[in-house]
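Each chain gets a letter, A, B and so on, in the order the sequences are listed, and its residues count up from 1. Just so you know, these numbers use all the heavy atoms, side chains as well, and skip hydrogens, waters and symmetry mates. Not measured: the values here are computed from a predicted model.
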There are 2 protein chains.
Amino acid sequence: MHEVANPVTTVETAFEIVEYVAEHDGAGVSEIATDLDRAKSTIHRHLGTLVQRGYLVEDGGYSLGLRFLDLGLDARDGRPLYHEAHAKVDELAERTGEKVWCMTAENGRSIHLHGASGTQSVRTNSREGDVGYLHQHAAGKAILAHRSPEHVGDIVERYGLPTRTDDTITDGDELFDHLERIRERGYAFNREESVPGLYAVGAPITDDRGVAIGALSISGPANRLAGETLTEEFPELLLGAVNEIEINLSHG
Amino acid sequence: MHEVANPVTTVETAFEIVEYVAEHDGAGVSEIATDLDRAKSTIHRHLGTLVQRGYLVEDGGYSLGLRFLDLGLDARDGRPLYHEAHAKVDELAERTGEKVWCMTAENGRSIHLHGASGTQSVRTNSREGDVGYLHQHAAGKAILAHRSPEHVGDIVERYGLPTRTDDTITDGDELFDHLERIRERGYAFNREESVPGLYAVGAPITDDRGVAIGALSISGPANRLAGETLTEEFPELLLGAVNEIEINLSHG
DNA sequence: AATTCCTGTTTCACTCATGGGAACAGAACT
DNA sequence: AGTTCTGTTCCCATGAGTGAAACAGGAATT
C-alpha cells in the first residue's frame, strides 16, 4: 500500500484539527486541546493560521470555512465521471422512483459523487461527499470486483472490514468469493449489508482496461426491491446506463 | 485586521501546495517545486502526506482529492443561510427568468453560496463556492453597506480594491459614498462593475442587530435590466424574499 | 543502441520552526 | 471578592522540516 516514509507531522496535526472542527462545529481552543491531547498554545497557533487562510472561521467557536467548498467543488468538477453520470442518475431515479447514487473510490474508500431521489425514495442519511467503506454496499463491491486482487487486498489490510449490520461482510475470503461472483454476473447486490431493511443493486463503470472507476446503484426498501425487480429489472436498467456512461467517458 | 502573530509556516506551505494543485490540475513534483520555489524533496514529502490523508490524489500528476468535497459540503450545510435561502433563490430565478445568487462573506471575501438560473439567464462563469471581492458586485456591496465602517476599512486595507471592468469601484472614498446610498436605499446596484454588459440588483440579509450575513442578487444583461425592472420590480422582489429569509433565520 | 534530459525518489546534515510549559488576562459564574 | 473557566502571549529546548545533492528510472532525443 506504499506507506509514506516521513509524513510531515505538522501538516497532519493541522488536518487533525480541521477534521476535529468538522465533527465538533463551534469547538474552542481548550476543548480541542484536551481532546486532541495537545498544548493549548499549539492549537491556538494552528487555528490562527487556518483562519487567516480562510479554512476555518471563528465566531464564538471555530467552524469549517467555505474555502473548503471552493476546493471541494473544484475536485468534484474535475472528475469526468461526475459530469457524465449526473443526468443518468437523475433519469434512473425518476424512472424507478428509488434512490440512485453515483459513487467512486479514492484512497480505498467510497465517495458519494451524486445522488437523486425518486418519488418514493427512502430517506437515507447519505449525502454527497460522504466517505464510506467499499465492502459495505453494492456500488462499492461492484468497484472492488473490477480492481486487481492485490489492490483489494491492500484496501482490506489498510482499513479492515468494519461492520455496519449483521449482514456486513467481515471475512476476507467471503469478500473475495462475493467479488468473484459479482465479476461473473456483472453487477452486485446489497441485502441489508449497510442499512437494515435496505436492498440495493450496483453496477460498475469501467475504463478501457476494464478497471472500475466508479459505480451506479439503486437502493430501496427490501419489500419493494424483491423478486425480479431486484434481480432482473434494475440490473438491466443499470447496465444500460453504465454502458452509455462508459461510451461517453471514452468518448466523443 | 488582527494579524496572526506566528503562523505555522509548514501548514502554510502545505496549503500553498494544495492551492497550486487546485489551479494546476495534474501538476507534478518538479513543476510545483520550481513554481513555488521550494526544494523538490520538500514538495515530495508534503504531497505524500496530503495523498495519504485523502486531500490529494496521484494519477500521473496530482489532483485535488474528494476529501475536500466532504468538508466543503459540511461547511455549506452548517450555514443556516444556505438552507433558508435555497428555495427562495430558485423561486426568484423562475419568476424573473434571470440568474439569482445567494452570497455570503467570509474573511472579507464574497462567496457564492447558491445560484439558480431562470429560463433566459445569462451564462456567467460563476460557480457555487467561488470566491470574489465584495466591492465588485451588487450582493457584496449590499453586505458591506451593512457592516461597520471599521470592518469595511479593514477589508479594503487587506485586499485593496482590485478592478475587473472600467466601472469597478477603485477608490475608497467612492466606495464609502456608494455604501452610504445603498444603506439609505436598502439595496445595491451593479452596472457593469464586474462583467461588461451585466447589470444586477442586490439586497442584504441582516441579523437581529442589522449586520449583514449575506445577500441575494438578480443579474442579467443591461438591456433587459433597464428602467423600472431594475429600479423597482426586482428590488421589490428581492426585499420581499430577503425579509422572509430573515424571519425564518431569526425564527421559528 | 547510446546519450541526454527529463522525471520522481531517497538520503542526510543543519537549522529553524514547532510544540509545550507556564504565566497572563478576561469573562462568567458562584 | 473569589473561583474557574476561557483564550492569549511569551520563551526556551528539541525535534522536525527544509534544502542540497546524489540517485534511479523512463522518455525522447541523437
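Look at T13(A) and you won't find any side-chain N or O under 4.0 angstrom from OP1 or OP2 of dT18(C). Neither OP1 nor OP2 of dG17(D) sits under 4.0 Å from any side-chain N or O of T10(B). A sub-4.0 Å separation between OP1 or OP2 of dG19(C) and a side-chain N or O of R45(A) is absent. The shortest distance between the side-chain N/O atoms of T42(B) and the OP1/OP2 oxygens of dG19(D) is below 4.0 Å. Not one side-chain nitrogen or oxygen of T9(B) sits closer than 4.0 Å to the OP1 or OP2 atom of dA17(C).
Between the CD1 atom of I17(A) and the P atom of dG7(D) there is a distance of 13 Å, given to the nearest Å. With rounding to whole Å, N6(B) atom CG is found 12 Å from dG19(C) atom P. E12(B) places its CD atom 15 Å from the C1' atom of dT18(D), with the value rounded to the nearest Å. If you take CZ of R38(B) and P of dA21(D), they are 17 Å apart, rounded to a whole angstrom. Distance, I32(B) CD1 to dT7(C) C1': 13 Å, rounded to whole Å. Rounded to whole Å, the distance from CG on D37(A) to P on dG20(C) is 9 Å. Nucleotide dT18(D) holds its C1' atom 14 Å from the CD atom of E16(B), rounded to whole Å. Whole-Å rounding puts the H44(B) NE2 to dT10(C) P distance at 5 Å.
Side chains of S217(A) and H137(A): no donor on one and acceptor on the other come within 3.5 Å. In the model, Y82(B) has no side-chain atom that pairs as donor or acceptor with a side-chain atom of D77(B) under 3.5 Å. Judged purely by distance below 3.5 Å, without hydrogens or angles, the side chains of T206(A) and E246(A) pair a donor atom with an acceptor atom.
Base engagement by S41(B) is indicated by at least one non-hydrogen atom pair under 4.0 Å involving a base atom.
From one end of the helix from dA1(C)-dT30(D) to dA28(C)-dT3(D) to the other, with five pairs defining each end axis, the axis direction shifts by 40° (rounded to 10°).
A salt bridge links E106(A) and R79(A); the closest N-O separation between the charged side-chain nitrogens and carboxylate oxygens is under 4.0 Å.
Of the residues listed (L66(A), L71(A), L64(A)), the one engaging Y55(A) in a side-chain contact (heavy atoms from CB on, under 4.5 Å) is L71(A), and it is the only one. Evaluated for a side chain to side chain donor-acceptor pair (under 3.5 Å) with K141(A), the options Q136(A), E193(A), H135(A) yield exactly one hit, E193(A).
For CG of D171(B), the number of neighbouring non-hydrogen atoms (other residues, nucleotides, ligands) closer than 6.0 Å is greater than 12.
Taking only side-chain atoms of S30(B), from C-beta outward, the nucleotide of dG8(C), dT18(D), dG7(D) with the closest atom is dG8(C).
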